[in-house]
K.L.:
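Quick one: structure below, then a few questions.
What you see is a predicted model, and the numbers here were worked out from it, not measured in a lab.
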Amino acid sequence: MAKHRTLAWLRRHGMPIVVMLLTIAVILHQGSTRIDLWLLDGLSELKASPSSDDIVIVAIDERSLSQLGSWPWPRELHAHLLDRLHGARAVALDLIIADPSPQPESDLELARAMRRHGHVYLPIVVENAEGKPKEVAPLPALVAAAKGLGTLDFERDSDGLIRRFYLHSGLGAPVWPAFATSVLGTTRKAVPPGSMATLDGWARSGERQIPYFSGKVGYPTLSYVDVLGSTGNIDAIQGKIVYVGVTVRGMGDVYRTPVSDMPGVVINAAATQGAMEGSLIKTLDADWLTWLLLCPALLWLLVHPFIRPTSVLAVGCGAALALLLCSVTAYFAFRFWLPLASLALILLVSVLVESIIDQQRFKKLALTDALTGVGNRLCFNESFRSAINMPNGRQRPIGLMILDIDNFKLYNDHFGHAAGDDVLRRVGSVLLAACPRKGLAARIGGEEFAILLPGAGKGEMNAVAESVRANLEALRIPHPANGGGIVTCSVGVVCRAVGAEGNQRELFVEADEALYEAKKNGRNQVRVAGRTIVPVSPAAA
C-alpha cells in the first residue's frame, strides 16, 4: 500500500520536482541566465542616475593621435600632462606602462612628474600566459612614485557583456583593490574578509555591478592634446578626479556592455562614481547563491503536496511573482542583486506544465468509468458521435459491439454487490485486452458494455466480439444461476458503412436488437446482424 501511495505521489508531483531540480543544476553550472541578466539590465536602467561632474576624462582620442603621432607616445608627454593636471584631486592614469622605454630617462621623468603631483594612480592587469594568469604591474620606478595601484578586472557574463568588477583581486589572493576604487584613497592593500572566487589561481572578492548611468555616460571630457597644449580648459579639473585613458575603438580598450560599446576608462569612471555615492550593487557569493536557489525551490516542493490541484496554477504564479518582487526589492532597497528571475520563470513553467497535465488527467477521469477503468457513457457518446459525423459526406465502416453479462442480477443476489463489482472489473479488463488500439471500450450501463471500432470490417468486428466472449468464459468465474455454472456474456454486433448523415440511434438500436436475439437464443453467444456465431465450449453444451 505504501508503495502504491509513493508511486501515486510521484506521478502527481514528479514533474515539478524534476523541472525545478534540473533548472537549479543548470543555473549553478552556467551562472546567471539570460532572463536574470535581462531583469538586471532593466533594473539598472530604472535605477540609473546622471553622471557626476566630479569626474573628468582626458581622452586619448583620434585628434590627439593625429597630432601627436602613433601610439605609444614618449613618456615625457605623460609627464608634461601630469604637470598640467596639478590641480586635480587624483589622477587615474588608465594606461598599461609595464615595458621600459628605449630612453630610461623618459621613465624617470614620468616618475618625477608623478611624485610632483602626489596623487597619481596606476593599474595592474592580468594576462593569460600559457594557460595561466599572470599579474602585469607597472615599472618599479613608477610603482614607487604612484600614490596607489589597483587591478583592472572586468567580468564577462554568459552573454559576453561586461556588467561586473571586483573590489579586490590578485594572483593567489585578492590583495589589490580595484583600480576604480583605489583612486578614492579609501582602500588598502589587504585581503578582505569573506569568501573569494578563484579562476585558475586568480583570486577575486567583493563582486559588484558596474553602474551605467541611464545609458548616457556623459562625463566632462577633454582631449589629451588640448590639455597638453594651451587650449584646454584646465580650470575644469580643479579638485576633480581625472581619468586619463584611450577612447579610440581600434586600440583594444573598448568593451561590450548592456548600454553600448564603452571604453574601459569610461567604465572605470562609472565604477568610481558608484563607489563614491555608495550605490554599487552587491552580488551573492557562489556558496550563498546555491542556497538562495535551493531554499525557495525546496520550500515550494514541500508545500506543493498540500495545495489543491485546482489552486496549483494560481499559487505557483503568486510564488513566481513573489520571487521577482524579492529581486526588485533587494535591488532598490538594499542594493543587492538576487538572481531569482530564472527560478521564478521555471516555477511558472513547471506549474503551467503541471496544470496542463492535470487538465488532461481530469478530462480522462471525467471520461473514465471509475469501477472498471474503461470509458464511461459520456466518453462513449462523444466517440460515437464523432465516428458517425464524418465531414465532407465521406463514408466509412463502423463496428459496434454491445455486451451484457448473462443473469447478472441473479449473481448479485447470490454473491452480493461487492462480488458483482469484482466481476464488472474483470469484464472491463477483458474488454481492454481485446479492444484494438483504434477502438474504444466503454461501460454504458449497469452490466452493459460496448466496444466501438471505427473503420472495422465485419471479420475484424466478429473476431473482437468472439474474443471477448471466449476470454470471459475462460475466466471460469462461478455463477450457479447461469448456464454452465460460470459467468458468461451475450454480445450484439453491427458493422456497416455510415455517411455524414448517419444516425447514431439507428446503429445503436441494430446492435441492441442483435444483443436481444443472442440472449433470446440461449445467451453466451455473439449475434451479428441477424446471424449467430455459436460458441463451441463446455458452457454451451
Side-chain angles (χ1 to χ4, degrees), residues 55 57-60 71-72 78 90-99 114 119-129 132-140 142-143 146-157 160-190 192 196-212 217 219 241-257 259 261-276 280 283:
I55 299 176
I57 292 178
V58 174
I60 299 174
W71 189 263
H78 301 324
V91 176
L93 203 59
D94 196 356
L95 304 171
I96 309 302
I97 310 178
D99 297 321
M114 292 171 60
H119 293 88
V120 178
Y121 296 83
L122 295 176
I124 295 174
V125 297
V126 57
E127 292 182 352
N128 192 356
K132 296 182 179 181
K134 177 184 178 183
E135 204 172 76
V136 179
L139 295 172
L142 301 183
V143 170
K147 175 70 173 179
L149 302 175
T151 57
L152 294 176
D153 190 10
F154 303 141
E155 177 74 1
R156 281 185 172 83
D157 286 313
L161 302 183
I162 298 293
R163 293 182 179 85
R164 298 173 289 150
F165 76 105
Y166 294 86
L167 293 180
H168 293 83
S169 54
L171 193 62
V175 296
W176 298 107
F179 184 56
T181 58
S182 67
V183 299
L184 300 177
T186 57
T187 57
R188 294 179 299 173
K189 180 181 175 182
M196 62 182 183
T198 59
L199 181 64
D200 296 328
W202 183 256
R204 297 160 162 172
S205 69
E207 182 180 307
R208 297 292 186 270
Q209 300 294 327
I210 301 171
Y212 292 111
V217 181
Y219 293 106
I241 294 176
V242 177
Y243 265 93
V244 181
V246 176
T247 60
V248 179
R249 180 181 298 271
M251 293 182 66
D253 194 29
V254 176
Y255 301 88
R256 293 179 57 213
T257 76
V259 177
D261 290 349
M262 280 188 175
V265 65
V266 175
I267 296 177
N268 277 313
T272 298
Q273 179 180 339
M276 289 169 57
L280 291 175
T283 57

K.L.:
Aromatic rings Tyr243 and Phe179: how do their planes relate, parallel, tilted or perpendicular, breaks at 30° and 60°?
P.N.:
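Tyr243 vs Phe179 ring planes: perpendicular.
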K.L.:
Which heavy atom in Gly274 sits nearest to a heavy atom in Pro211, and how many Å separate them?
P.N.:
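For Gly274 versus Pro211, the nearest heavy atoms are CA-CG, 4.1 Å.
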K.L.:
Report yes or no: does Thr257 contribute a side-chain atom to a donor-acceptor pair with the main-chain N or O of Ile162 at less than 3.5 Å?
P.N.:
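Such a contact is absent between Thr257 side chain and Ile162 backbone.
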K.L.:
What are the two closest heavy atoms between Ile210 and Ile267, and how far apart are they?
P.N.:
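Taking every non-hydrogen atom into account, CD1-CG2, 3.6 Å.
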K.L.:
If I take atom OG1 from residue Thr283 and atom CZ from residue Arg208, how far apart are they, to the nearest 0.5 angstrom?
P.N.:
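So the OG1 of Thr283 and the CZ of Arg208 are separated by 7.0 Å.
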K.L.:
If you take all heavy atoms of Ile60 and Val248, which pair is closest and at what distance?
P.N.:
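Closest pair (atom of Ile60, atom of Val248, distance): O-CG2, 3.3 Å.
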K.L.:
Would you name the heavy atoms of Ile57 and Ala269 that are closest together and state the gap between them?
P.N.:
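Closest approach of Ile57 to Ala269: CD1-CB, 4.4 Å.
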K.L.:
Please report the interatomic distance CG(Leu142) to CG(Leu93), rounded to the nearest 0.5 Å.
P.N.:
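If we round to the nearest 0.5 Å, Leu142:CG and Leu93:CG are 9.0 Å apart.
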K.L.:
Test side chain to side chain contact (heavy atoms under 4.5 Å, CB included) on Val58 and Val265 and set out the steps.
P.N.:
CA-CA 9 Å; Val58 174; Val265 65; over 6 Å; no
K.L.:
Tell me which pairs pass salt bridge (Lys or Arg N to Asp or Glu O under 4.0 Å) where either residue lies in residues 160-180, with sequence neighbours left out.
P.N.:
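Qualifying pairs: Asp41-Arg163, Glu155-Arg164, Asp157-Arg163, Asp157-Arg164, Asp159-Arg163, Arg164-Glu207.
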K.L.:
Side chain to side chain contact (heavy atoms under 4.5 Å, CB included), that's the test. Do Thr272 and Leu184 meet it? Break it down for me.
P.N.:
CA-CA 8 Å; Thr272 298; Leu184 300 177; 3.8 Å; yes
K.L.:
Just how far is it from atom NZ of Lys147 to atom NE2 of His119, taken to the nearest 0.5 Å?
P.N.:
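Between Lys147 NZ and His119 NE2, I get 4.5 Å after rounding to 0.5 Å.
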K.L.:
Please report the C-alpha distance between Leu280 and Phe165 in whole Å, then the side-chain angles of each, then the deciding distance to 0.1 Å, and finally whether the side chain to side chain contact (heavy atoms under 4.5 Å, CB included) criterion is met.
P.N.:
CA-CA 10 Å; Leu280 291 175; Phe165 76 105; 3.9 Å; yes
K.L.:
Give the intermediate values and the outcome of side chain to side chain contact (heavy atoms under 4.5 Å, CB included) for residues Ile55 and Met276.
P.N.:
CA-CA 11 Å; Ile55 299 176; Met276 289 169 57; 4.2 Å; yes
K.L.:
According to side chain to side chain contact (heavy atoms under 4.5 Å, CB included), who are the partners of Ala146, at least two apart in sequence or on a separate chain?
P.N.:
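For Ala146, the residues satisfying side chain to side chain contact (heavy atoms under 4.5 Å, CB included) (neighbours in sequence not counted) are Met114, Leu122, Leu149.
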K.L.:
I need the Ile97 CD1 to Asp99 CG distance, nearest 0.5 Å.
P.N.:
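Ile97 CD1 to Asp99 CG: 10.5 Å, rounded to 0.5 Å.
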K.L.:
Taking all non-hydrogen atoms of both residues into account, name the closest pair between Ala92 and Val183 and its distance.
P.N.:
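Taking Ala92 first and Val183 second, the nearest heavy atoms are CB-CG1, 3.5 Å.
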K.L.:
Measure the spacing between CD of Glu135 and CH2 of Trp202 and express it to the nearest 0.5 Å.
P.N.:
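The CH2 atom of Trp202 is 4.5 Å from CD of Glu135, to the nearest 0.5 Å.
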K.L.:
Which atom names give the shortest non-hydrogen contact between Asn268 and Ala180, and what distance separates them?
P.N.:
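Residues Asn268 and Ala180, closest heavy atoms: O-CB, 3.5 Å.
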K.L.:
Among Pro123, Ser169, Pro174, which one satisfies side chain to side chain contact (heavy atoms under 4.5 Å, CB included) with Asp153?
P.N.:
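Going through Pro123, Ser169, Pro174 one by one, the side chain to side chain contact (heavy atoms under 4.5 Å, CB included) with Asp153 is satisfied by Ser169 alone.
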